[in-house]
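When a residue number appears, it is its place in the shown sequence, counting from 1.
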Amino acid sequence: MRAKIFIFLLSISAIFFISYFSAPPKEKGPLYDTHAYLGDTPLLLAVADTPELRERGLSFTGELKDGEGMFFVFEEAGYPGFWMKNMNYPIDMIWFDEKKSIVDIRENVAPGTYPRVFQPLSPARYALEVPAFFTKKNNIKKGDRISF
């Protein structure tokens with residue numbers, strides 16, 4: 001009888017262990033690294049400045065609050081592409097040149113657009129993802145600059 005109880009408890013523990021550690025991460029949102037201003041609009045930003053952080057981006061995160069975002073830093077100017085893989089909410093995508101001036105904007109990009117890739121029309125060295133309609137609400141436009 002003791003052997004059966006031991007095996008039962010061992011099985012329950014194994015099932016719990018496997019299910020707990022194999023579940024996808026549930027996160028509240030990104031960890032914030034810095035404050036910035038886009039024009040006169042204050043932002044609280046997570047910075048993605050490594051290949052791993054850029055690849056993960058905002059995937060699997062909870063919805064961004066107004067004034068929050070993720071700032072992407074690339075080694076050199078180019079046409080960095082973004083997709084909505086594993087995203088749970090729509091965002092605005094903003095690309096900046098080497099002087100941190102906006103060169104392109106895509107508004108209200110929905111998770112359902114995956115696997116489409118969004119790229120700037122002009123070379124960009126930086127990118128910013130913010131909540132959908134942020135650019136419209138704050139009258140953000142090409143030529144505006146981000147400062148830290």
task: Identify the two heavy atoms, one from Pro90 and one from Asn108, that lie closest to each other, and give their separation to 0.1 Å.
output: CB-OD1, 3.4 Å

Set of residues satisfying side chain to side chain donor-acceptor pair (under 3.5 Å) with respect to Asp49, sequence neighbours excluded: none

query: Any side-chain heavy atom of Asn88 sitting closer than 4.5 Å to one from Glu63?
result: no

message: How about OH on Tyr37, more than 12 heavy atoms from neighbouring residues, nucleotides or ligands closer than 6.0 Å, or not?
response: no

field: Residues in side chain to side chain contact (heavy atoms under 4.5 Å, CB included) contact with Thr50, at least two apart in sequence or another chain
entry: Glu52, Leu53

task: Would you mind reporting whether Thr34 and Val47 have side-chain heavy atoms less than 4.5 Å apart?
output: yes

Ignoring hydrogens and angles, write down the donor-acceptor pairs under 3.5 Å from the side chains of residues 69-79, residues two or more places apart or on other chains.
| from | atom 1 | to | atom 2 | distance (Å) |
| --- | --- | --- | --- | --- |
| Glu75 | OE1 | Arg54 | NH2 | 3.4 |
| Glu75 | OE2 | Arg54 | NH2 | 3.3 |

message: Counting C-beta onward and ignoring hydrogens, is there a side-chain heavy-atom pair between Asp144 and Thr41 closer than 4.5 Å?
response: no

- prompt: Could you state the interatomic distance from CG (Asp40) to CG (Asn139), rounded to the nearest 0.5 Å?
  reply: 11.0 Å

field: Asp92 side-chain N/O to Val130 backbone N/O, donor-acceptor pair under 3.5 Å
entry: no

query: Is the closest side-chain heavy-atom distance between Lys136 and Lys141 below 4.5 Å?
result: no

- line: Interatomic distance, CG@Leu128 vs CG@Leu43, rounded to 0.5 Å, equals 6.0 Å

statement: So the side-chain hydrogen bond (donor to acceptor under 3.5 Å, both in side chains) pairs with at least one residue in residues 110-131 (sequence neighbours excluded) are none

Please table the atom pairs, donor to acceptor, closer than 3.5 Å between any side-chain atom in residues 95-104 and protein atoms at least two apart or in another chain.
| from | atom 1 | to | atom 2 | distance (Å) |
| --- | --- | --- | --- | --- |
| Trp95 | NE1 | Pro80 | O | 3.3 |
| Asp97 | OD1 | Lys99 | N | 2.9 |
| Asp97 | OD1 | Lys100 | N | 3.1 |
| Asp97 | OD1 | Ser101 | N | 3.0 |
| Asp104 | OD1 | Arg106 | NH1 | 3.4 |
| Asp104 | OD2 | Arg106 | NH1 | 2.8 |
| Asp104 | OD2 | Leu121 | N | 2.8 |

- request: Hey, could you give me the OG1/CZ distance between Thr61 and Arg56, rounded to the nearest 0.5 Å?
  value: 8.5 Å

- prompt: Got a second to check how far Leu44's CG is from His35's NE2, nearest 0.5 Å?
  reply: 5.0 Å

task: Spell out, yes or no, whether Val109 and Tyr89 are grouped together once hydrophobic residues are joined by side-chain heavy atoms under 4.5 Å, including indirect joins.
output: yes

statement: Sequence neighbours excluded, the answer for side chain to side chain donor-acceptor pair (under 3.5 Å) partners of Lys85 is none

message: Which residue is it: Ile91, Leu38, Leu64? I am looking for the one with a side-chain contact (heavy atoms from CB on, under 4.5 Å) to Phe134.
response: Leu38

